[in-house]
Amino acid sequence: MTTVFQFAAHKIAAAPESEAAMAAHCLTPGCGWTLAPSTDFGAAGDAIMTHTGLNATHTTFAREWTDVAVVRRLDT
C-alpha cells in the first residue's frame, strides 16, 4: 500500500466582513465584574478603568480577544 501526501501553502487572515471583539473580567478574588464582548475598544477600556476607579484595589483584568478568521490556499 502506498500513501501519497500533498502539501499546500495556506494563509490565515481576519475575515473582511467581521470585527474583532474584546471581553474582560476582573481578577480580584471575589469580584464578579465582567465586560460583555465589545467591538468598541475605547469604550471597553473606559469601562475597565471605571471599574478600577470605583474599586481602587481592582487593578488586574483578563482580556479576551476574538475574531473570525479565514484560511485560503495559496496556489503555486
Side-chain angles (χ1 to χ4, degrees):
M1 183 166 131
T2 303
T3 302
V4 177
F5 291 98
Q6 293 182 344
F7 296 94
H10 291 78
K11 181 178 180 178
I12 188 168
E17 67 279 1
S18 71
E19 290 186 89
M22 180 186 70
H25 67 271
C26 182
L27 294 176
T28 301
C31 181
W33 184 88
T34 62
L35 176 68
S38 174
T39 57
D40 185 340
F41 299 142
D46 288 347
I48 292 168
M49 290 183 284
T50 296
H51 179 72
T52 296
L54 297 172
N55 306 277
T57 60
H58 297 217
T59 58
T60 307
F61 299 82
R63 295 186 299 177
E64 301 163 354
W65 304 87
T66 59
D67 71 344
V68 176
V70 174
V71 176
R72 66 180 179 90
R73 183 175 175 163
L74 300 175
D75 293 326
T76 55

Minimum-distance pair of heavy atoms, taken over all atoms of H58 and T52: O-OG1, 2.6 Å

Distance-minimising heavy-atom pair for A15 and S18: O-OG, 2.9 Å

Which pairs would a plain distance check flag for residues 63-74, meaning a side-chain donor or acceptor within less than 3.5 Å of a matching protein atom at least two apart in sequence or in another chain?
none

Residue pair T28 / H51, side-chain heavy-atom distance below 4.5 Å: no

Common cluster, M49/L35, ILVMFWY with side-chain heavy-atom separation under 4.5 Å: no

Shortest non-hydrogen contact from A56 toward T59: O-CG2, 3.5 Å

